[in-house]
Amino acid sequence: MLFRSETDTEVIVQLVDYFVVNQNMTTKNAFLKVLDLISVDSSYAFVLVDRTTPDVLYVAKYKSPLLIGLGDGFNLVASDAIAMVKRTNNFMEIQDREMVIVTPTDVQVTDFAGNIQKPVTFKLDIDPTASDLGAYPFFMLKEMDEQPAVMHKIAQTYFVQDGELILDAKFLETMKQADKIYLVGAGTSYHAGLVGAKMFEQLTGIQAEAYIASEFAYDQPIMVKKPFFIFLTQSGETADSREVLVNVKKQGWPSLTITNVAKSTLSREADFTMLLHAGPEIAVASTKAYTAQIAVQAVLAKGLGEYLNNANAQNFDLRQQLGLVAVGMQTIIDSKEQISELANKYLVNSKNAFYIGRGTDWTVALEAALKLKEISYVQAEGFASGELKHGTIALIEDNTPVIGIITQQRTAALTRSNLHEVLARGASVITIALSSLAVPEDTFVLPDVDALLTPLLSVVPAQLLAYYTSLGKGLDVDKPRNLAKSVTVQ
Ligand code: F6R
């Protein structure tokens, strides 16, 4: 057969056409035949239309997300519910290896052998206006501004009954058995897991470690006897994370998904779900989902720690701390002008930048660098500040921007000494320091909060720096090149 295209979706249409024209098949049978021919190792989400019957959609998916929206006199197909909430809040799941025929008034689900399947439908309560831009120029700015409200929302949602933290007992009992917590995520969600791991260890005494999903899926370490998996995913649809979850389920290991999207694939497939309650996140660069993931992990770590009678958890007033975080975030957000000036002075015309810190501050440096590179295309690196002198300091030259994050008492002096080293080599140094550790020369001072929660504040100036750098370069902040909001391929 002659290939007329190198684009996979176009090849599929050609193949359907081939069976219809040359083997006299109906469109439905030709579609089924093609689905059968496609290797099960691939992933796909198809909506096929035959131009002679434009009211009929032939739909199938394998591993990739796809959902039917059910309306009155119309039906919709999209990869997630957010895309459809302005039209309906009724949805129908599609399972792998099913074929669905959708018309304006009917949805018929069969397996590949033609047996009728009973579909699962669900309702979602999403405020359709939550995904409107309003008076904002970009969703990213709106979403950063929403962070204090998200902190309040998380506190209100999880601290019920006179401010007591209530979590599902069955879930806590399952987690209690674990001898290690594995936190799995990609990109920003992985960075949130790095912060979470420290909170779980301090508040529960259970060993915890964060892993990059795409690495864990193909390079699994030696496992403990009783692992517990936490999947961190804003969208709930990330293919790399799902690959790990599929194997976790095969092994019979218990799992929780922490996600922003109820009924998303990873939420449906894990044993338990905790929601971020951050509202839809539209900008490709994740901001409020990162801080919400940290806050929800703190909720869980405290809840589990209390269940285990851990003194650190018992003495940690998380509800009050989340209130302080919200106020602190607002103070930073109100200093946008200053951050915009810093971005224009140091970053807009720079080719590269370094974020440095130690421990928790290093994990925020990783996230800060990711934010800057993905929306401003400035080559940025997040670095453990003590490692600089082991090689990377060779890159520092006149005016190289180095941003130091200083929020931990134990390492503050050490990071400051690393900043002196780069200053002596001509770097332009910016500091983001916690008030109780600040010196008069610091560029940006963060209000004090508990040492475990400082990432919730130190990341905000870094998010704003990335935003204003992108804006200063005249780029499309919300839709950076080469990136998609949900990464549904491995
Ligand atoms: C960066 C960003 C990505 C996502 C990553 C995982 O700003 O948004 O790095 O964090 O693609 O996505 P989720 O959290 O949907 O699994």
Side-chain angles (χ1 to χ4, degrees), residues 63-65 79-83 138-141 143-144 147 183-196 210-217 229-245 255-270 273-276 278-297 355 363-378 380 382 455 459-460 462-467 469-470 475-490:
K63 289 189 185 169
S64 298
S79 57
D80 71 38
I82 301 288
F138 287 103
F139 279 107
M140 186 179 173
L141 189 62
E143 289 160 8
M144 289 187 293
Q147 293 180 105
L183 297 141
V184 179
T188 291
S189 294
Y190 161 66
H191 295 156
L194 291 171
V195 178
Y211 293 90
I212 296 174
S214 58
E215 284 296 306
F216 195 92
F229 279 82
I230 299 181
F231 291 88
L232 292 155
T233 168
Q234 188 284 131
S235 63
E237 302 296 349
T238 299
D240 288 325
S241 303
R242 184 172 182 234
E243 189 65 26
V244 180
L245 177 55
S255 57
L256 158 77
T257 291
I258 298 182
T259 181
N260 205 22
V261 184
K263 308 280 182 189
S264 55
T265 305
L266 273 109
S267 158
R268 293 197 304 262
E269 295 182 353
T273 294
M274 282 177 84
L275 292 176
L276 297 180
E281 191 180 64
I282 313 287
V284 163
S286 181
T287 53
K288 62 177 179 173
Y290 171 79
T291 44
Q293 280 172 336
I294 293 173
V296 171
Q297 287 178 97
Y355 283 88
T363 70
V364 177
L366 295 174
E367 173 57 11
L370 176 60
K371 278 305 77 97
L372 185 65
K373 60 188 149 190
E374 69 174 327
I375 57 167
S376 76
Y377 317 146
V378 173
V459 79
V460 182
Q463 295 169 341
L464 287 160
L465 274 174
Y467 174 81
T469 306
S470 177
L475 300 170
D476 184 344
V477 180
D478 285 344
K479 296 195 195 99
R481 68 186 179 205
N482 308 339
L483 287 167
K485 185 64 185 159
S486 292
V487 185
T488 55
V489 291
Q490 283 185 57

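Positions are given from 1, in the same order as the sequence printed here. First listed ligand is number 1; within each ligand, the first listed atom is number 1.
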Exercise. Please assess Y211 against F229 for the test ring pair (Phe, Tyr, Trp, His ring centres under 6.0 Å), listing each intermediate value before the final yes or no.
Key: CA-CA 10 Å; Y211 293 90; F229 279 82; 8.1 Å; no
Quiz item: Passes side chain to side chain donor-acceptor pair (under 3.5 Å), S470 versus S376? Steps please.
Solution: CA-CA 4 Å; S470 177; S376 76; over 6 Å; no
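Between K371 and ligand 1 there is a heavy-atom distance shorter than 4.0 Å.
Close approach of ligand 1 to S189 (heavy-atom distance below 4.0 Å) involves ligand atoms 10 (O), 13 (P), 14 (O). Atoms of ligand 1 lying under 4.0 Å from at least one heavy atom of T233, given by number and element, are 13 (P), 14 (O), 15 (O), 16 (O). The S286 neighbourhood of ligand 1 comprises atoms 7 (O), 8 (O), with distances under 4.0 Å to a heavy atom of that residue. Listed by number with element, the atoms of ligand 1 under 4.0 angstrom from any heavy atom of V284 are 7 (O), 8 (O). Residue A285 has at least one heavy-atom neighbour below 4.0 Å for each of these atoms of ligand 1: 7 (O). Atoms of ligand 1 lying under 4.0 Å from at least one heavy atom of G187, given by number and element, are 9 (O).
In this structure, the side-chain hydrogen bond (donor to acceptor under 3.5 Å, both in side chains) partners of E367, at least two apart in sequence or on a different chain, are T188, H191, K371. E237 pairs by the salt bridge (Lys or Arg N to Asp or Glu O under 4.0 Å) definition with nothing, not counting sequence neighbours.
Across all non-hydrogen atoms, the minimal contact from V284 to P480 is CB-CD, 3.7 Å.
Residue-to-ligand polar distances keep S241 apart from ligand 1: every N/O pair is separated by 3.5 Å or more.
Among all non-hydrogen protein atoms, the one lying nearest atom 11 (O) of ligand 1 is V487 CG2, 3.9 Å. With hydrogens left out, the protein atom closest to atom 15 (O) of ligand 1 is S235 OG, 2.6 Å, a heavy atom. With hydrogens left out, the protein atom closest to atom 7 (O) of ligand 1 is E374 OE2, 2.4 Å, a heavy atom. The nearest heavy-atom contact from the protein to atom 2 (C) of ligand 1 is T188 OG1, 3.7 Å. When hydrogens are left out, the protein atom nearest atom 6 (C) of ligand 1 is A186 O, 3.3 Å; that is the closest non-hydrogen contact. The closest protein non-hydrogen atom to atom 13 (P) of ligand 1 is T238 OG1, 3.2 Å.
A distance of 10.0 Å separates CG in L245 from OG1 in T265, rounded to the nearest 0.5 Å. Here CG of L232 is found 11.0 Å from CE of M274. Values are rounded to the nearest 0.5 Å. The CD atom of Q147 sits 3.5 Å away from the OG1 atom of T291 when rounded to the nearest 0.5 Å.
The pair E281-K288 fails the salt-bridge criterion, with no side-chain N (NZ, NE, NH1 or NH2) lying under 4.0 Å from an Asp/Glu carboxylate O.
Under 4.0 Å from ligand 1, not a single heavy atom of E237 appears.
Heavy atoms of other residues, nucleotides or ligands lying less than 6.0 angstrom from NZ of K373 number more than 12.
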